[in-house]
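Written below as structure tokens is the structure these notes are about.
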Amino acid sequence: MTKKETALITGATSGIGYDCAVILAERGYDLFLASRNRSALEGIKAAFEPQYGVAVEILSVDLSKAGSAQLVFDHGAQRDLEVAVLINNAGFGAQGAHVDLPLAAVSKKIVKSSLNI
Ligand SMILES: NC(=O)c1ccc[n+]([C@@H]2O[C@H](COP(=O)([O-])OP(=O)(O)OC[C@H]3O[C@@H](n4cnc5c(N)ncnc54)[C@H](OP(=O)(O)O)[C@@H]3O)[C@@H](O)[C@H]2O)c1
């Protein structure tokens, strides 16, 4: 079987990242999905591989933690994945005027800053 190009998507278990995973799988990309929710990742892998005929590599990782980008890099390198597309999507949002938001909602680390690859 010819090796396909791989798309790395962070935050692929819901929302925009999940929809990107569907679109890229439909276009024939193998997927490398990194999010925290392991059972959701396993569910996507189980559904997408037979449905789209692509390989889905998954990694349960909290990208807000120091060193998490290295974990993603190492996981891909160990499996010889050649990442052709990066959807660096994992993150969160809070709605409302900044001054009105609870401190806990705005003091989380910005997920995207931990993935400088
Ligand atoms: N929707 C909007 O209107 C909008 C507007 C502007 C910007 N954005 C940005 O677009 C991105 C996606 O938004 P969305 O609405 O699709 O969000 P969403 O449905 O809440 O999905 C967020 C994704 O990020 C993952 N994630 C969150 N924190 C993570 C962490 N610490 N480590 C690893 N994965 C993490 C979640 O998976 P797990 O829970 O499995 O980890 C989930 O798959 C976010 O970065 C958001 O800030 C969205």
Side-chain angles (χ1 to χ4, degrees):
M1 190 170 123
T2 313
K3 189 169 180 182
K4 298 176 182 167
E5 290 190 320
T6 297
L8 167 57
I9 307 172
T10 69
T13 53
S14 64
I16 296 166
Y18 178 85
D19 285 349
C20 287
V22 171
I23 291 166
L24 289 163
E26 285 173 342
R27 294 181 182 198
Y29 284 89
D30 286 339
L31 302 176
F32 177 17
L33 309 178
S35 294
R36 294 166 300 184
N37 188 329
R38 181 178 300 281
S39 63
L41 288 167
E42 289 171 346
I44 293 169
K45 177 178 171 67
F48 279 32
E49 288 190 330
Q51 185 171 355
Y52 299 109
V54 299
V56 180
E57 187 61 42
I58 56 173
L59 176 64
S60 174
V61 60
D62 184 345
L63 292 166
S64 70
K65 298 266 199 282
S68 57
Q70 189 67 50
L71 290 177
V72 176
F73 179 85
D74 291 347
H75 190 92
Q78 284 159 9
R79 287 153 185 80
D80 201 23
L81 302 182
E82 290 175 20
V83 175
V85 175
L86 170 63
I87 309 285
N88 193 14
N89 159 80
F92 62 91
Q95 291 191 334
H98 193 75
V99 293
D100 295 331
L101 293 171
L103 188 58
V106 293
S107 60
K108 295 179 190 171
K109 278 188 193 171
I110 303 301
V111 170
K112 290 188 179 75
S113 67
S114 73
L115 195 60
N116 296 318
I117 57 175

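Computed from a predicted model, the values in this text were never measured in an experiment. Just the heavy atoms: all of them, side chains too, but no hydrogens, waters or symmetry mates, feed the values below. The first residue of the sequence shown is numbered 1, and numbering continues consecutively from there.
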Nearest heavy-atom approach of Pro50 to Lys45 is CD-O, 4.3 Å
Closest contact, heavy atoms only, Cys20 versus Ile9
C-CD1, 4.0 Å
hydrophobic_cluster_shared for Val85 and Tyr52, side chain cutoff 4.5 Å
yes
Which distance, rounded to the nearest 0.5 Å, do you find between the CD1 of Ile44 and the CD of Gln51?
11.5 Å
Ile58 side, atom CD1; Thr13 side, atom OG1 - distance, nearest 0.5 Å:
11.0 Å
Flag the pair Leu59 / Phe32 as yes when at least one side-chain heavy-atom distance between them is below 4.5 Å, and no otherwise.
yes
Report yes if some heavy atom in the side chain of Lys4 is under 4.5 Å from a heavy atom in the side chain of Tyr29; otherwise report no.
no
Measure the shortest side-chain to side-chain distance between Val54 and Leu24 over non-hydrogen atoms and say whether it is less than 4.5 angstrom.
no
Give the minimum heavy-atom separation between Leu63 and Ala34, together with the two atoms involved.
CD1-O, 4.3 Å
So which atom in Ala94 and which in Leu101 form the shortest heavy-atom distance, rounded to 0.1 Å?
CB-CD1, 3.9 Å
Distance (rounded to the nearest 0.5 Å) between Thr10 OG1 and Arg36 CZ:
11.5 Å
How about Phe48 and Tyr18: are their ring centroids closer than 6.0 Å?
yes
Are Val61 and Val83 connected, step by step, through hydrophobic side chains (Ile, Leu, Val, Met, Phe, Trp, Tyr) whose heavy atoms are closer than 4.5 Å?
yes
As an exercise, state the distance from CG of Asn89 to CG of Leu8, rounded to the nearest 0.5 Å.
10.5 Å
Is there side-chain contact between Glu57 and Asp30, with heavy atoms separated by less than 4.5 Å?
no
Of all heavy-atom pairs linking Ala12 and Ser35, the shortest is N-OG, 2.9 Å
Is it true that a side-chain atom of Thr6 and a backbone atom of Leu31 form a donor plus acceptor pair closer than 3.5 Å?
no
